[in-house]
Amino acid sequence: MNDIEQNQVGVWIIGGRGFIATTTIISRLLLQHEEIEPIGLLTCSEYFENLPFLDWKSITFGGCDIHSYSLTKSLEKLIEDHIVPFKFQSHVIDYLRKIDLNIDNIFESLPLEDNLSPKEQIVVCRKYLKRFKEEQKLNKVIVVDLSSTQPVTEIEEKLFKFDNWKSLDFFLENTNDYIPWSVIYCTASLLENCAYLNFTPNIGSELPGLQDLAVQNKLPHAGKDGKTGETLLKTVLAPMFLYRQMKVLSWQSYNMLGNNDGSALSNADSKKAKIRSKDSSLRKILINSSDVHSHVAIDYVPSLGDWKTAMNFVHFEGFLNTRMSLQFTWSGCDTNLAVPLVLDLIRFIELAWRSGEYGKLNYLCPYFKSPIGYPEADFREQISILFAHFANSRTS
Ligand SMILES: NC(=O)c1ccc[n+]([C@@H]2O[C@H](COP(=O)([O-])OP(=O)(O)OC[C@H]3O[C@@H](n4cnc5c(N)ncnc54)[C@H](O)[C@@H]3O)[C@@H](O)[C@H]2O)c1
């Protein structure tokens, strides 16, 4: 299929050769040619059929990765792990080869150890973004963070203290400290007038200084950490205990992951970032959270591949202080839970941008474990906020 024509909007993926990235790229092509059903995509549902979302053929992908293996190699792995059906291989291979040319190896190590100052790293990223825009003749680019979970470092606390772009900019210009890569990429993106989507637990546009920059440059952004599986289920179930006035005593979660993300999370500091994001949703819902004993554990179990398994044990107290428990096991294909959300988010952000909206898009909260600037974690409440935002356009 040859369809790199009439492209108007660029989607530049950080971690462009990862599982979610590669499957997102493939899915855009398969959706365009109606070879797959848009299962899991709210933007293709009857609820939003009146909204003028970007069509699939108008998206051109580019991006960066620290790995140099090709997208076709990623596809092989996705087929081997039964994430993408083999029957699609011949349909998408040429397309992947073309998109591969737009994915650069900007930096080669993790964390960024290329002996460049943060300021120099930002300059390098901007150069690649500019080139992507020029070469592909794009007016608009949305940068999407789909990179590995980065380790939590002490510098984060300091970065959160800069409450405007001017003070953060001054710091980034003059420091030689290690700065998390999501901050480097996000700064470069916003300076290059790109919208920003953070699907990972990384900091990115959560920093007040970068939120300020997005507002100054009139750019929309959303994040962080896609709510795809176990946390989604928790934020549906936890309100039930609250509104039935049953007291949750303990909520224990044990996650096993066998994909690259699982391997990245075997780093203790990266795991900290993910656990922080997962546990906070539950605590926000259960108002008496200080009394609740909760714990999230994550282990890397290679044989599971992309089939993440999460076991939960909820110990609670009902009438006459009777103690009971709920136990459930969630087994999901991690990548295929994430991809429809990424595609939806790209379309929602692009539409917001076209409509003149900028700053953090609060109404996209149901898509995230830790929605930026939005305290509500209850999934039903979050979905009502999304629907309320579009209420008029849905009835028109
Ligand atoms: N699958 C889900 O349900 C889900 C839900 C929420 C969040 N996420 C997050 O999405 C992200 C991607 O997940 P995945 O399964 O595709 O992981 P993956 O490991 O397959 O892909 C991540 C890619 O990022 C690249 N990368 C790492 N550091 C980089 C850097 N500094 N610059 C550029 N590229 C870099 C890696 O080389 C890899 O290709 C992870 O952070 C994960 O935590 C996934």
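Counting starts at 1 for both ligands and their atoms, following the listed order. Nothing fancy with the numbering, it's 1 onward along the sequence. Note that the structure is a prediction, hence the values are computed from the model and not measured.
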Exercise. Of Trp165, Phe162, Phe160, which is the lone residue that meets ring pair (Phe, Tyr, Trp, His ring centres under 6.0 Å) with Phe171?
Worked result: Phe162
Problem set entry | Donor + acceptor pair across side chains of Glu317, Thr322 (<3.5 Å) | no
Exercise. By number and element, which atoms of ligand 1 are closer than 4.0 Å to a non-hydrogen atom of His67?
Worked result: 37 (O)
Problem set entry | N/O separation below 3.5 Å, Asn259 to ligand 1 | no
Exercise. Heavy atoms only: which of Ile20, Ile13, Val339, Ile103 is nearest to atom 44 (C) of ligand 1?
Worked result: Ile20
Problem set entry | Atoms of ligand 1, numbered as shown, that sit under 4.0 Å from any heavy atom of Asp225 | 6 (C), 7 (C)
Exercise. Is Glu230 close to Ser253 at the side-chain level, that is, under 4.5 Å between some pair of heavy atoms?
Worked result: yes
Seminar exercise, completed: With heavy atoms and a 4.0 Å threshold, my read on which part of Gln150 contacts ligand 1 is neither
Exercise. Do Gln121 and Ile106 come within less than 4.5 Å of each other through their side chains, counting heavy atoms only?
Worked result: no
Exercise. Do Thr335 and Asp306 have a side chain donor and acceptor closer than 3.5 Å?
Worked result: yes
Exercise. For atom 22 (C) of ligand 1, which of Ile184, Ile106, Leu146, Asn260 has the closest heavy atom?
Worked result: Leu146
For this session: Report yes or no: is the cationic atom of Lys140 (NZ for Lys, CZ for Arg) closer than 6.0 Å to the six-membered ring centre of Trp353, at no more than 45° off its axis?
Result: yes
Exercise. Hey, does Thr200 come in under 3.5 Å of ligand 1, counting only N/O atoms on both sides?
Worked result: no
Exercise. Cluster partners of Leu304, using ILVMFWY side-chain heavy atoms under 4.5 angstrom, listed by chain and number?
Worked result: Tyr254, Met256, Val301, Met311
Problem set entry | Per-atom contacts of ligand 1 with Asp334, taking only distances under 4.0 Å to non-hydrogen atoms | 1 (N), 2 (C), 3 (O)
Exercise. Strictly by modelled atom types, are Tyr367 and Asp344 linked by a side-chain donor-acceptor pair under 3.5 Å?
Worked result: yes
For this session: Could you list the atoms of ligand 1 found under 4.0 angstrom from a heavy atom of Thr149?
Result: 41 (O), 43 (O)
Exercise. Do the numbers put Lys224 on top of the ring of Phe368, so that NZ or CZ is under 6.0 Å from the six-membered ring centre and no more than 45° off the axis?
Worked result: no
Problem set entry | Which segment of Tyr69 sits under 4.0 Å of ligand 1 when only heavy atoms are counted | side chain
For this session: Output the list of atoms in ligand 1 that are nearer than 4.0 Å to some heavy atom of Tyr185, sorted by atom number.
Result: 30 (C), 31 (N), 32 (N), 33 (C)
For this session: Could you list the atoms of ligand 1 found under 4.0 angstrom from a heavy atom of Arg17?
Result: 39 (O)
For this session: Indicate yes or no: does an N/O atom of Phe19 lie under 3.5 Å from an N/O atom of ligand 1?
Result: yes
Exercise. Which one holds for Leu337 and ligand 1: side chain close, backbone close, both close, or neither close, with close meaning a heavy atom under 4.0 Å?
Worked result: neither
For this session: Output yes when the distance from some N or O of ligand 1 to some N or O of Thr228 is under 3.5 Å, and no in every other case.
Result: yes
Exercise. If you measure from atom 11 (C) of ligand 1 to every heavy atom of Ser147, Ser148, Pro180, Gly15, which option wins on shortest distance?
Worked result: Ser147
For this session: With heavy atoms of Ala338 as the reference, note each atom of ligand 1 found under 4.0 Å away.
Result: 1 (N), 2 (C), 3 (O)
For this session: Compute both the distance and the angle, then confirm whether Arg347 meets the cation-pi test with Trp56: under 6.0 Å from the six-membered ring centre, within 45 degrees of the axis.
Result: yes
Exercise. Looking only at side chains, do Ser117 and Glu120 share a donor and an acceptor under 3.5 Å apart?
Worked result: yes
